[in-house]
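Okay, structure first, notes after.
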Protein chains: 2
Amino acid sequence: MTRPSTETRSKLVETARDLFHRQGYTPTGIAQILKESGVNSGSLYYYFPTKEDLLVAVLEWYRDHIGDNLIDLHCGRIEDPVEKVFGLLDGYRQLLMMFEFELGCPIGALALELANSHPAARSLILVNFEQWVDTVEQFFRAVEDRLPEGTDCRALAVHVLTTMEGSMMLARTYRSTTYFDQSVTHLRNYVDSLIAQGSTWSAPKQPAGIPESLDN
Amino acid sequence: MTRPSTETRSKLVETARDLFHRQGYTPTGIAQILKESGVNSGSLYYYFPTKEDLLVAVLEWYRDHIGDNLIDLHCGRIEDPVEKVFGLLDGYRQLLMMFEFELGCPIGALALELANSHPAARSLILVNFEQWVDTVEQFFRAVEDRLPEGTDCRALAVHVLTTMEGSMMLARTYRSTTYFDQSVTHLRNYVDSLIAQGSTWSAPKQPAGIPESLDN
DNA sequence: GTCTATAGCGTGATAGAC
DNA sequence: GTCTATCACGCTATAGAC
């Protein structure tokens, strides 16, 4: 029909995004993407010469929508920055329950599935993680004065991310939020203790010898 | 040759285990397992009627070898129970560096890959996680008197597991231990603070409303 | 830009002799 | 228990008309 719009492309990205989220990248076949999107083979390969190109487009979509889909949705109405952090984690908890543990963190799942392959996709996964950490880091920076002096807000944000990803993994395995909640509770307990220390103590900072920059 | 030994079976399990570890379950083909093990198709299907049966055998192998391969190796010589916990985490760090981030936690990777399929395998993944948590829980129980009264050692062990799994995920993505180290440092800082509290304070326990048992 | 038809290969699994 | 040969299907990707 030679339409000027990129509707077809968008439909493919959205369909692939959802299928990769539910099934993973490798188990999702092109045929299934075509069927569920209602697009024909020729059109798909016009926009995406290879399956990996489609994956890249999906990861670019996540990169470009982390704000509205994640941050704004679960942190937007919250005022206290620390509560924003845990509101974000609660958003993931809601995702788990809403889809009965069939959907987890789409980035985390792809990160492990593609850890030894698809370098182009991997660098976009890295970008997505960086954005996430950036966001949480900013939340902590907003309460930096309440944290112990010398606290590395970025390292703390990283710790929130690792806790979230590990907690999602266990929740999906156990089909239960019990372990997720236990881990997040300990994380909150830790953050609370840092803030309590912040008003009295001096500094739990990163020990010397651990570089601040990444070597990749 | 009709040998009484189960050498062939063992070789298949070991080969599959290593390939699943490096590549994941789905991307690893039967043909590759046959080639690398030097076993023929007929023999494989004699022992394992389906590919999933082989996966189950691999997960049973992990279940039966967590002691010697993981705990004894990285915690055996350590006396202090808390140091045993972080010795275990350091074992994973060594694994990352030894294989240049190509190998992570084999159970965690499979947990996400198979999260919505292969229920038989999933329940064995759950068993493996339980064993891991059991082990770390025992370490904390050994120093229970130094922890704040009412501390749930199992929930704390779960938090160690989630931190480890999330940290491994980031390490493999970034091809760097920086984030891994930052997260583990925060975990250690937390555990240290609990022990410091244990000698003076009263109790950071799980809040009411979070069940202790799992509902799966 | 979209359509249909299909190539070419890799997959998990099977058959049947030994 | 092990061997070789092979089936039937699904996969990613392509060809070429419109």
Side-chain angles (χ1 to χ4, degrees), chain A residues 1-59 110 113-114 116-122, chain B residues 1-59 61 110 113-114 116-122 124:
Chain A
M1 293 294 185
T2 314
R3 288 278 147 64
S5 81
T6 53
E7 244 181 71
T8 304
R9 203 196 117 102
S10 304
K11 197 157 25 175
L12 284 167
V13 172
E14 282 168 35
T15 306
R17 176 199 64 197
D18 293 347
L19 288 172
F20 293 165
H21 196 183
R22 204 173 306 127
Q23 305 178 333
Y25 174 72
T26 312
T28 300
I30 300 278
Q32 190 182 12
I33 295 169
L34 295 175
K35 192 179 154 204
E36 299 209 6
S37 64
V39 172
N40 295 308
S41 167
S43 296
L44 187 149
Y45 283 100
Y46 171 79
Y47 292 105
F48 307 105
T50 72
K51 189 185 176 187
E52 187 170 7
D53 290 324
L54 183 50
L55 170 64
V56 164
V58 166
L59 289 166
L110 291 173
E113 182 181 354
L114 311 171
N116 293 342
S117 54
H118 306 80
R122 269 223 322 276
Chain B
M1 295 293 186
T2 314
R3 288 279 147 64
S5 82
T6 53
E7 243 181 74
T8 304
R9 204 195 116 102
S10 304
K11 197 156 26 175
L12 284 167
V13 172
E14 282 168 35
T15 306
R17 176 199 64 196
D18 293 347
L19 288 172
F20 293 166
H21 196 183
R22 204 173 308 128
Q23 305 178 333
Y25 174 71
T26 312
T28 300
I30 299 278
Q32 191 182 12
I33 295 170
L34 295 174
K35 191 179 155 204
E36 299 210 6
S37 63
V39 172
N40 295 307
S41 167
S43 297
L44 186 149
Y45 283 100
Y46 171 80
Y47 292 106
F48 307 103
T50 71
K51 188 184 176 187
E52 186 170 7
D53 290 323
L54 183 51
L55 171 64
V56 164
V58 166
L59 290 167
W61 185 93
L110 291 172
E113 182 180 355
L114 311 171
N116 293 342
S117 54
H118 306 80
R122 268 220 324 273
L124 269 162

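Proteins come first, then strands; the chains are lettered A, B, ... in the order of their sequence lines, and each starts at number 1. In this text the structure is predicted, and so the values were computed from the model without any measurement.
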| Sub-3.5 Å donor-acceptor pair from the side chain of A/Tyr25 to the main-chain atoms of A/Glu52, do we have one? | yes
| request: Go through the steps for B/Thr15 and B/Val39 under the test side-chain contact (heavy atoms from CB on, under 4.5 Å), then give the verdict. | output: CA-CA 10 Å; B/Thr15 306; B/Val39 172; over 6 Å; no
| query | To the nearest 0.5 Å, what is the distance between NE2 (A/His118) and OG1 (A/Thr26)? | reply | 6.0 Å
| field | Spatial distance of atom CG (B/Leu55) from atom NZ (B/Lys51) [nearest 0.5 Å] | value | 8.5 Å
| Listed by chain and number, what are the side chain to side chain contact (heavy atoms under 4.5 Å, CB included) partners of B/Ala31, not counting sequence neighbours? | none
Measure from [atom1] on [X] to [atom2] on [N] and round the result to the nearest Å.
{"X": "A/Asp53", "N": "D/dT12", "atom1": "CG", "atom2": "P", "value": "14 Å"}
{"X": "A/Tyr47", "N": "D/dA13", "atom1": "OH", "atom2": "P", "value": "18 Å"}
{"X": "B/Leu44", "N": "D/dT4", "atom1": "CG", "atom2": "P", "value": "14 Å"}

| query | In residues 11-18 of chain A, what residues come within less than 4.0 Å of DNA chain C, judged by heavy atoms? | reply | none
| query | Under the side-chain contact (heavy atoms from CB on, under 4.5 Å) criterion, do B/Phe48 and B/Val13 qualify, and how do the steps go? | reply | CA-CA 10 Å; B/Phe48 307 103; B/Val13 172; 3.8 Å; yes
| message | Across nucleotides 7-18 of chain C, 5' to 3', mark each nucleotide with B, S or - according to how protein heavy atoms within less than 4.0 Å reach it. | response | -----SBB----
| query | Of the non-hydrogen atoms in B/Ala16 and B/Ile33, which two are nearest, and what is the gap between them? | reply | CB-CD1, 4.2 Å
| said: Show the nearest heavy-atom pair for residues A/Pro27 and A/Glu113, with the distance to one decimal. | reply: CD-OE2, 3.8 Å
Does [X] place a side-chain N or O at less than 4.0 Å from the phosphate oxygens OP1/OP2 of [N]?
{"X": "A/Thr8", "N": "C/dT2", "answer": "yes"}
{"X": "B/Asn40", "N": "D/dT4", "answer": "yes"}
{"X": "B/Tyr46", "N": "D/dG1", "answer": "yes"}

